[in-house]
Novice: 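Can you keep this structure in mind? I'll have questions shortly.
If you're wondering where the values come from, they're calculated on a predicted model, not measured in any experiment.
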Amino acid sequence: MAIRNVTMIGEAVLRKKSKPVKDFDEDLWQLLDDMKETMYQNDGMGLAAPQVGVLRRAVVIDVNNAFIELINPVIIKTKGEDIEDEGCLSVGKFRGRVSRPMEVTVRAQDRYGFEFTLTGEKWLARCICHELDHLDGILFVDKSLDKDKYLKNGGRI
């Protein structure tokens, strides 16, 4: 495993749409292991492949000591609304309020290509939505209810 550099806002890769994972092989496993180590090294709750410069639909999440890998994830159901502060390893210190579903059901594959469905509530739902946005080139500051505060403080979207 290796710690990779986290891409920062302003780097083009963060605004591109990721491609589906087709090969469930040692290269993918290495990427996932590296993403996990990078996330933990940076005290994150989640990390998407574009955040380490790789345009593939893969994310790792750890909420409440439950580590999850989602490959080719698709949200299939949402329920409710929850507004909370979010931050991002790729944005820096800025935190802003974002409206997300209170509950999310996602269909994904594991590192071996087996499909599964997962339902998460509150922070897990928020983290899933946040990381899946990264796969489509969307950052939380794009959705932040505090976007004006971010821009006034010199941020660029």
Novice: Are the side chains of L28 and D23 in touch, meaning some heavy atoms are under 4.5 Å apart?
Specialist: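 Heavy-atom side-chain distance check fails, nothing below 4.5 Å.
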Novice: Is there a side-chain contact (heavy atoms from CB on, under 4.5 Å) between R97 and E84 once you walk through the steps?
Specialist: CA-CA 5 Å; R97 295 171 301 135; E84 289 287 347; over 6 Å; no
Novice: Run the ring pair (Phe, Tyr, Trp, His ring centres under 6.0 Å) test against F114 and tell me which residues pass, sequence neighbours left out.
Specialist: none
Novice: Measuring only between side-chain heavy atoms, which start at C-beta, is V54 closer than 4.5 Å to L31?
Specialist: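 When only atoms from C-beta onward are counted, L31 and V54 do touch, with a gap below 4.5 Å.
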Novice: If you round to the nearest 0.5 Å, how far is NZ of K122 from CZ of R126?
Specialist: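 Taking CZ in R126 and NZ in K122, the distance rounds to 6.5 Å.
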Novice: Taking it one step at a time, do D82 and S99 satisfy side-chain contact (heavy atoms from CB on, under 4.5 Å)?
Specialist: CA-CA 6 Å; D82 181 46; S99 175; over 6 Å; no
Novice: Under 3.5 Å, which donor-acceptor pairs link side chains of residues 68-76 to any protein atom two or more places apart or in another chain?
Specialist:
unit_1, atom_1, unit_2, atom_2, d
E69, OE1, R111, NE, 3.0
E69, OE2, R111, NH2, 2.8
N72, OD1, V21, N, 2.7
N72, ND2, V21, O, 2.9
N72, ND2, Q109, OE1, 2.8

Novice: What distance separates E121 CD from T105 OG1, expressed to the nearest 0.5 Å?
Specialist: 9.5 Å
Novice: Could you tell me the separation between the SG atom of C88 and the NE2 atom of H130, rounded to the nearest 0.5 Å?
Specialist: 3.5 Å
Novice: Run through the side-chain heavy atoms of Ile, Leu, Val, Met, Phe, Trp and Tyr, join any pair under 4.5 Å, and report what else lands in I3's cluster.
Specialist: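 So far as hydrophobic clustering goes, I3 is joined with none.
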Novice: Please examine the side chains of L132 and I128, heavy atoms only from C-beta on, and report whether any two atoms are closer than 4.5 Å.
Specialist: yes
Novice: Just grab all the ring-ring contact (aromatic ring centres under 6.0 Å, His included) pairs involving residues 59-79, residues at least two apart or on different chains.
Specialist: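 Residue pairs passing ring-ring contact (aromatic ring centres under 6.0 Å, His included), neighbours aside: none found.
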Novice: V13 versus L55: any side-chain heavy-atom pair under 4.5 Å?
Specialist: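 V13 reaches L55 side chain to side chain.
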Novice: Walk me through it: do R56 and K19 pass the test side-chain contact (heavy atoms from CB on, under 4.5 Å)?
Specialist: CA-CA 5 Å; R56 290 290 176 263; K19 297 177 183 174; 3.3 Å; yes
Novice: Using a strict cut-off of less than 4.0 Å between a Lys/Arg side-chain nitrogen and an Asp/Glu carboxylate oxygen, indicate whether R100 and D133 qualify as a salt bridge.
Specialist: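 Salt bridge between R100 and D133, a charged N being under 4.0 Å from a carboxylate O: yes.
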Novice: Which residues satisfy the side-chain hydrogen bond (donor to acceptor under 3.5 Å, both in side chains) test with D136, sequence neighbours excluded?
Specialist: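 Checked D136 against side-chain hydrogen bond (donor to acceptor under 3.5 Å, both in side chains); matches are R57.
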Novice: Under a 4.0 Å threshold between the charged nitrogen and the carboxylate oxygen, would E86 count as salt-bridged to R95?
Specialist: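 Between E86 and R95 there is no salt bridge, as every charged N stays at least 4.0 Å from the carboxylate O atoms.
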Novice: Whether the Q51 and T7 side chains hold a donor-acceptor pair (N or O, under 3.5 Å, no angle test) is what I'd like checked.
Specialist: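 There is no such pair between these side chains.
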Novice: Please assess M45 against D62 for the test side-chain contact (heavy atoms from CB on, under 4.5 Å), listing each intermediate value before the final yes or no.
Specialist: CA-CA 5 Å; M45 293 175 62; D62 190 334; over 6 Å; no
Novice: May I have all residue pairs that pass ring-ring contact (aromatic ring centres under 6.0 Å, His included) and include part of residues 28-49, sequence neighbours excluded?
Specialist: W29-Y112
Novice: For a 4.5 angstrom cut-off between non-hydrogen side-chain atoms, does T38 reach V6?
Specialist: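 Contact flag for T38/V6 side chains = yes.
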Novice: What is the distance from atom CD1 of I61 to atom SG of C127, rounded to the nearest 0.5 Å?
Specialist: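 One gets 4.5 Å once the value is rounded to the nearest 0.5 Å.
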Novice: When rounded to the nearest 0.5 angstrom, what is the spacing between CG in L47 and CD in E37?
Specialist: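 These two atoms lie 12.0 Å from each other.
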